[in-house]
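Reading through the structure tokens given below for one structure.
Note that the numbering runs from 1 along the sequence shown for the chain.
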Amino acid sequence: MADKELVDQFLEMLAAERGRAANSLSAYRRDIEHYRSLASASLLDTQPETIRDYLAALHTEGLKASTVARRLSALRQLFLFLYREGIRTDNPAKNIESPRQPAKLPKTLSDKDVERLLDTAETKAQRGKLKALRAHALLETLYATGLRISELVSLPRRAVGPDTTMILVRGKGGRERMVPLGDKARKALTVYLKVLHAKEAEKGAKSPSGAHYLFPSRGAKGHLTRRRAGQIIKKLSLEAGLNPANVSPHKLRHAFATHLLTNGADLRAVQQMLGHADISTTQIYTHVIDERLKSLVLEKHPMADD
């Protein structure tokens, strides 16, 4: 049976059984035809080595790992179809591994962006309104500790006092860790809690089931939700003249780690503060710093244009 007929049968199956759209079918055909143009054997005679040679050729061309992975996926599905239909007695693509995708570097905020954000929150908090004080305390604590937003909003109120220098945090998998709390964050929290306590005393508020959260809410969970915290931070970013799409609680966590490492912090210490079980997760931030240094050299070095 000719290769073209086999490809046509495969695409008919995708359209009939899986409901693939015309554009998707065209993409499959292009990827398979590209393989056929470079492969040293027909579809019926293809061996694992044939596919590996093809992938090596793609690598030589300098194609992105994502493109190579997409073309390999098309071949895997094609040869699986031929095997299941009994057209081939084996599947040569079965044990072919996809190329490793390069790790995506976390997007983070610059020192100046964080400074603008914190200054905006502090200026608003000076008016003494509870919501502004809460936003300032939330932001300062998030950046000072690198906590996950879910960890921060669920902190009990007893976790922080006027003299607190370390916070006990329960993270993923129930693992506990101690995280330092800086002066600015502690002061912002102290002022916020003072006004919060006064407001609660005015209303005669009582803690439900004895549970008092650092950032209480009338919602079902009893504390500020991650979504609401994100909205507060995005609103502040807009007021600070930053693009809200580039600011989030998680990016502040990234900024915390990146800025610490940039200033010489020990990788193991940062791992512990972030609550990463594996140091390889923390090491991604060293790549962010490497990229920043490359950009700095290219932009600022007097010989960069030569």
- Query: For the hydrophobic clusters of this structure (ILVMFWY residues joined by side-chain heavy atoms under 4.5 Å, transitively), does one cluster hold both L82 and L80?
  - Reply: no

- Message: Among residues at least two apart in sequence or on other chains, which ones pass side-chain hydrogen bond (donor to acceptor under 3.5 Å, both in side chains) with S42?
- Response: D45

- For N95, enumerate each residue passing the side-chain contact (heavy atoms from CB on, under 4.5 Å) test, keeping only those at least two apart in sequence or located in another chain. none

- Note on the structure: Sequence neighbours excluded, the answer for side-chain hydrogen bond (donor to acceptor under 3.5 Å, both in side chains) partners of R18 is Q77

- Message: Please determine whether the number of non-hydrogen atoms from other residues, nucleotides or ligands lying under 6.0 Å from atom NE2 of H34 exceeds 12.
- Response: yes

- Can you name the side-chain contact (heavy atoms from CB on, under 4.5 Å) partners of N243, sequence neighbours left out? A245, N246

- Heavy atoms, side chains only, cut-off 4.5 Å: are I32 and F10 in contact? yes

- Message: Using a strict threshold of under 4.0 Å (side-chain N to carboxylate O), is an ion pair present between E115 and K112?
- Response: no

Show me, pair by pair, the donor-acceptor contacts under 3.5 angstrom made by side chains of residues 147-161, not counting sequence neighbours?
{"unit_1": "R148", "atom_1": "NH1", "unit_2": "E151", "atom_2": "OE2", "d": "2.5"}
{"unit_1": "R148", "atom_1": "NH2", "unit_2": "G275", "atom_2": "O", "d": "3.4"}
{"unit_1": "E151", "atom_1": "OE1", "unit_2": "R148", "atom_2": "N", "d": "3.0"}
{"unit_1": "E151", "atom_1": "OE1", "unit_2": "R177", "atom_2": "NH2", "d": "2.7"}
{"unit_1": "E151", "atom_1": "OE2", "unit_2": "R177", "atom_2": "NH1", "d": "3.1"}
{"unit_1": "S154", "atom_1": "OG", "unit_2": "S150", "atom_2": "O", "d": "2.7"}
{"unit_1": "S154", "atom_1": "OG", "unit_2": "E151", "atom_2": "O", "d": "3.3"}
{"unit_1": "R157", "atom_1": "NE", "unit_2": "Y213", "atom_2": "O", "d": "3.2"}
{"unit_1": "R157", "atom_1": "NH1", "unit_2": "H197", "atom_2": "NE2", "d": "3.4"}
{"unit_1": "R157", "atom_1": "NH1", "unit_2": "E200", "atom_2": "OE1", "d": "2.9"}
{"unit_1": "R157", "atom_1": "NH2", "unit_2": "E200", "atom_2": "OE2", "d": "3.0"}
{"unit_1": "R157", "atom_1": "NH2", "unit_2": "Y213", "atom_2": "O", "d": "3.4"}

- Can a salt bridge be assigned to the pair R116 and D119 using a cut-off of 4.0 Å between side-chain N and carboxylate O? no

- Query: Can you name the side-chain hydrogen bond (donor to acceptor under 3.5 Å, both in side chains) partners of R84, sequence neighbours left out?
  - Reply: none

- Message: My understanding is that a hydrophobic cluster links ILVMFWY residues whose side chain heavy atoms are under 4.5 Å apart, including indirect links. Using that, what else belongs to the cluster containing Y83?
- Response: none

- Who passes salt bridge (Lys or Arg N to Asp or Glu O under 4.0 Å) against D8, sequence neighbours left out? K4, R29

Would you list the atom pairs, donor with acceptor, under 3.5 Å between side chains in residues 132-142 and any protein atom, with sequence neighbours excluded?
{"unit_1": "H136", "atom_1": "NE2", "unit_2": "E140", "atom_2": "OE2", "d": "3.2"}
{"unit_1": "T141", "atom_1": "OG1", "unit_2": "A137", "atom_2": "O", "d": "2.6"}

- Query: Distance only, no hydrogens: is a donor on one side chain within 3.5 Å (strictly under) of an acceptor on the other, for S110 and D113?
  - Reply: yes

- Task: Only pairs at least two apart or in different chains count here, so list each salt bridge (Lys or Arg N to Asp or Glu O under 4.0 Å) that has a residue in residues 222-249.
- Result: K124-E239

- Query: With no hydrogens and no angle check, do the side chains of R20 and Y28 hold a donor and an acceptor under 3.5 Å apart?
  - Reply: yes

- Message: Checking E97 now: which residues fulfil side-chain contact (heavy atoms from CB on, under 4.5 Å) with it, not counting sequence neighbours?
- Response: none

- Taking ILVMFWY side chains as joined if any heavy atoms are under 4.5 angstrom apart, and letting links pass through other members, which residues group with L238? none

- Message: Assess the residue pair D266 and R268 against the criterion (salt bridge (charged side-chain N to carboxylate O under 4.0 Å, His left out)); give the C-alpha distance rounded to whole Å, side-chain angles, the decisive distance to 0.1 Å, and a yes or no.
- Response: CA-CA 6 Å; D266 178 73; R268 289 283 182 186; over 6 Å; no

